[in-house]
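Here is the structure we will look at, set down as structure tokens.
Labels below follow one simple rule: chain letters A, B, ... track the order of the sequence lines, proteins then strands, and each chain is numbered from 1.
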Amino acid sequence: MAWKLDNPLYSMADEEESRQVIQTWEQEKHGGMWEGNNRLPFPFTFLIGLIILTSFLVTMPIWGARPTAELYVPLVELMDAPEVQRMATNEERMKYITDRAMEIHASAEDSRLTGWLERHPISWVDLQMVADQLREIKAAPGAYQLRDYNVVGDQVVLANFEGSYRDDGLRNRTQPWWDKGYWIDLFYVSYFVLTMVIVCKRLPHFSRKPDMSKAV
Amino acid sequence: MLFKFLFAKNEDIPPGSAAVFFGFSSILWFIIGTGLGSFNAAKLAFPDFATGVELFAFGHMRQVHVLAVILGWISMAFAMTMMYMTPSLGNTKLWSEKLGLWTAFNWNIGLSLGLILLWMGITSGREYSDLIWPIDLVVVFGVLVPLGINVWMTIAHRRTQGIYITNWFFGSCIFFVIMVFLVGQSAEMFNLTGLTEAYLTFWFAHNVLGLWITPVAAAIAYYTIPKLTGNPLYSHRIGHLHFWSIIAFYSTPAAHHLMSTPLPEWLKSFASVEGVLILIPAVAFVANILLTMKGRWSMFVENIEIKFSVTGVLLAIPLNMQGGFQQTRAINWYIHGTGWIVAHAHLALLGMSTALEIAAVYFGLQQMLRRKLYSLALANFHFWFFIIGFCIYWISMTIAGLIQGAGKIYEVPYIDVVIAEHPYMIARWVGGSMVFTGNMVWLYNMYMTAREGTVVPKGRYAHELAYER
């Protein structure tokens, strides 16, 4: 059971141990069955890496986020501008005010707004339906900000995300990008990967295949 | 006939008796479980069916169906496989056939009692943990601990140096499920309420799936596929990856069942990442088994046990893809509390897990009885009724779930959603009833195998004789 650490990514089992393990695999018959020593094919190894990466990315608030009130307020403010009113069609109006809103969002502190507006386009008619509610919230935001409100159909409602408590006793309504749950995951996955590397590398290298013809 | 061995000396009991007792019990419970499922589905499809009797109310019968399937069919099929696979893999005999027989006897009595109480409405009222706590203790100390002792002692008395991967899973999963029962039911035993009760309830529900039903089913495939194909298991080292990733990632994400509750958000973030990481053991398992099939894919067509086993392994792919992603915040808000979840639960229990267990029960009963299967045609009938019925159920409930999700989010009046779902409820009943019908044919086939199946000569396997007359 000696450890060999000169080339740990090849194998951590010394020659004698590797020979014994291969011999056991070749000679031992578990109710008529044998085990091979093949590696996980590379595409699957790649897939596992991809799963680990995906597990973090897909659980962060990148996808599935609903449009917030903050996203559409610049559009509402431009709706009544004379140049917009003079335009012939709703499509022209929307293109114009969306382009202006993009410029406003691009200069905002939160760099995610432009991407969100791209993913949550809105029609002139739909904008008209929520415009008054957005103006009302902007005029008297109360304990929550515009970003804490979601636009759901023709309603503007407080987001249903209930996060940690704030200092004022209310709940956070926006999911943070990172919290201690992710830190624990990071530790947990790291220790798992390290442990699995050690477990697998303590076996004979996968290039050493047991000869099943020797099996009794 | 098996009852006479309950009071016999251990040495006088023929090897395999406990496996046969468990095997036939499991098929009977499968028929009861799917029969109840079919009855319940009929009540959803035809609301005027069987009304006016309190005991036939959906609220009384639903959990009897669920627990008859989990503790009757699935768990007894597991016990059956443990009774013959564990000794076979250690080149030895079962530690105690007598203990095995008594465990099967107590299991049938205890479960019958528990389900009758449940049917009468004596329940803890917690989903999946519906049995009252004294019955939970009977399950732990009357059933799981004796089963564990038999399996652990058989492994300890093996005649091999190594322990085959199937026995890693068997030995450890019995320990896990005992812990899961004791901790999960503590909410009722110690009168814990509120969020603690909710969390423990779904900690139990999650881990019964994650540390019992799916890993033991996978362990069965590690036996049946190499055994029947004659190929060596593709990789011992991938087996390590599967086993340890189950321990690491399947035991931790219980909170992802409660994404809309006031649990701490960091706990949900943690659980959600772990939930996606469940794909790691899935990839390892599916890769290891399908690569073991190399060169023997013709058996997927010809051999009934391989047909069921590979079907189960293939169903593990959509199962884990769904399971990994449906629990994330981005998706869960839409499908939570809808028929999608019911479809997913049936994909796990009726699809992946059940297909693997059916294969093992077919193989084990023929081996233990030393009889060739009475009718391959009936077995194929069973397979096709099972898979077509299951697919109808799964697809219809998935669609119904998406309709419910849309109805929930867009606040469609409830009765409109009920009307929209109606065709899918009928399809659900048709699919479930097909599975139930197939199971009755299976029981007949196995009964006739025991009575009239051709005796298998020494040194041959029953499945090798499938096409010989």
Side-chain angles (χ1 to χ4, degrees), chain A residues 21 24-25 27-41 43-44 47-48 51-52 54-56 58-66 152-153 155 160-164 171-172 175-176 178-186 188-189 191-192 195-196 199-200 203 206 210 212 215, chain B residues 85 87-91 158 160-167 223 226-227 230-241 244-245 248-249 252 260 262 264-277 279-280 283-284 287-288 291-292 324-325 328-331 333-334 409-411:
Chain A
V21 172
T24 304
W25 280 337
Q27 294 182 353
E28 199 158 77
K29 195 175 170 185
H30 298 277
M33 298 193 311
W34 302 271
E35 296 171 284
N37 185 37
N38 295 298
R39 64 168 296 179
L40 187 66
F44 289 99
L47 192 55
I48 285 175
I51 289 167
I52 293 174
T54 306
S55 68
F56 282 88
V58 83
T59 53
M60 288 173 172
I62 303 172
W63 293 281
R66 298 186 201 180
V152 184
Q155 301 289 316
N160 71 354
F161 179 83
E162 294 190 356
S164 309
R171 308 290 293 259
N172 275 318
Q175 189 193 341
W178 189 267
D179 58 34
K180 69 179 173 186
Y182 292 114
W183 278 118
I184 299 170
D185 278 316
L186 207 57
Y188 202 72
V189 172
Y191 112 80
F192 172 78
T195 308
M196 282 319 302
V199 166
C200 289
L203 295 167
F206 59 77
M212 295 307 173
Chain B
M85 288 182 188
S88 167
L89 290 166
N91 295 344
R158 70 188 185 281
T160 57
Q161 185 187 338
I163 302 176
Y164 185 73
I165 179 168
T166 297
N167 278 347
Y223 180 90
K227 183 79 180 175
N231 285 346
L233 178 68
Y234 177 75
S235 174
H236 176 88
R237 62 204 308 130
I238 301 178
H240 275 288
L241 176 64
W244 292 110
S245 56
F249 300 131
T252 42
S260 305
E265 283 304 316
W266 66 263
L267 183 59
K268 293 182 201 170
S269 299
F270 168 73
S272 205
V273 173
E274 299 293 303
V276 181
L277 292 172
L279 283 162
I280 293 179
V283 165
N288 213 358
L291 288 165
T292 301
F325 292 108
T328 58
R329 287 183 178 99
I331 300 175
W333 70 281
Y334 194 88
I409 299 308
Y410 296 107
E411 297 180 2

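- The backbone N or O of A:Glu28 lies less than 3.5 Å from no partner atom in the side chain of B:Gln161, so there is not a single donor-acceptor pair.
- Within the 3.5 Å criterion, the main-chain N or O of A:Lys29 finds a donor-acceptor partner in the side chain of B:Asn91.
- Ranked by non-hydrogen atom pairs under 4.5 Å with chain A, the options B:Thr328, B:Thr166, B:Leu279, B:Leu277 are led by B:Leu277.
- Judged by distance alone, with hydrogens and angles left aside, the side-chain atoms of A:Asp185 form no donor-acceptor pair with the main-chain N or O of B:Val273 at under 3.5 Å.
- Note that NE2 of B:His240 and OG1 of A:Thr195 are 13.0 Å apart. Values are rounded to the nearest 0.5 Å.
- Residue contact with chain B, scored on non-hydrogen atoms closer than 4.5 Å, involves the side chain of A:Leu47 exclusively.
- Most heavy-atom pairs under 4.5 Å with chain B: of the set A:Thr54, A:Val189, A:Thr24, this distinction falls to A:Thr24.
- Neither the backbone nor the side chain of B:Pro264 comes within contact range of chain A; no heavy atoms are under 4.5 Å apart.
- Contact annotation for B:Leu291: only side-chain heavy atoms (C-beta onward) come within less than 4.5 Å of a heavy atom of chain A.
- With a 4.5 Å cut-off on side-chain heavy atoms, B:Val276 and A:Val58 count as touching.
- Contacts between A:Phe206 and chain B at a heavy-atom distance below 4.5 Å involve backbone atoms as well as side-chain atoms.
- Using cut-offs of 30° and 60° on the angle between ring planes, the pair B:Tyr164 and A:His30 is tilted.
- A:Tyr188 is listed as a side-chain neighbour of B:Thr252, based on a closest heavy-atom distance under 4.5 Å.
- When heavy atoms are compared at a cutoff of 4.5 Å, B:Leu267 does not approach chain A at all.
- Put simply, the side chain of B:Arg237 gets close to the backbone of A:Cys200: a donor and an acceptor are under 3.5 Å apart.
- Here B:Ser245 is the residue among B:Ser245, B:Gly90, B:Pro87 with the most heavy-atom pairs under 4.5 Å with chain A.
- In terms of heavy-atom pairs under 4.5 Å with chain A, the best-connected choice from B:Ala248, B:Ala287, B:Gly230, B:Ser272 is B:Ala248.
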Could you walk me through whether B:Ile238 and A:Asn38 pass side chain to side chain contact (heavy atoms under 4.5 Å, CB included), step by step?
-> CA-CA 8 Å; B:Ile238 301 178; A:Asn38 295 298; 5.8 Å; no
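- Among A:Leu40, A:Asn172, A:Ile48, A:Ile52, the residue with the largest count of heavy-atom pairs under 4.5 Å with chain B is A:Leu40.
- The greatest number of non-hydrogen atom pairs below 4.5 Å with chain B, out of A:Pro176, A:Pro210, A:Ser55, is found for A:Ser55.
- Within the 4.5 Å cutoff, side-chain heavy atoms of B:Trp266 are placed close to those of A:Ile184.
- Dense packing is recorded around CH2 of A:Trp178, with more than 12 heavy atoms of other residues, nucleotides or ligands lying under 6.0 Å away.
- Contact annotation for B:Arg329: only side-chain heavy atoms (C-beta onward) come within less than 4.5 Å of a heavy atom of chain A.
- Proximity of a side-chain donor or acceptor of A:Glu35 to a complementary backbone N or O of B:Pro232 within less than 3.5 Å is not detected.
- Here the closest heavy-atom approach between residue A:Met33 and residue B:Tyr223 is recorded as SD-O, 3.4 Å.
- Every residue two or more places apart in sequence or in another chain that forms a ring-ring contact (aromatic ring centres under 6.0 Å, His included) with B:Phe249 is listed here: A:Phe192.
- Contacts of B:Phe325 with chain A are made by side-chain atoms alone, with heavy-atom separations under 4.5 Å and no backbone atom involved.
- Looking at B:Ser269, its side chain never comes within 3.5 Å of a backbone N or O of A:Gly181 through a donor-acceptor pair.
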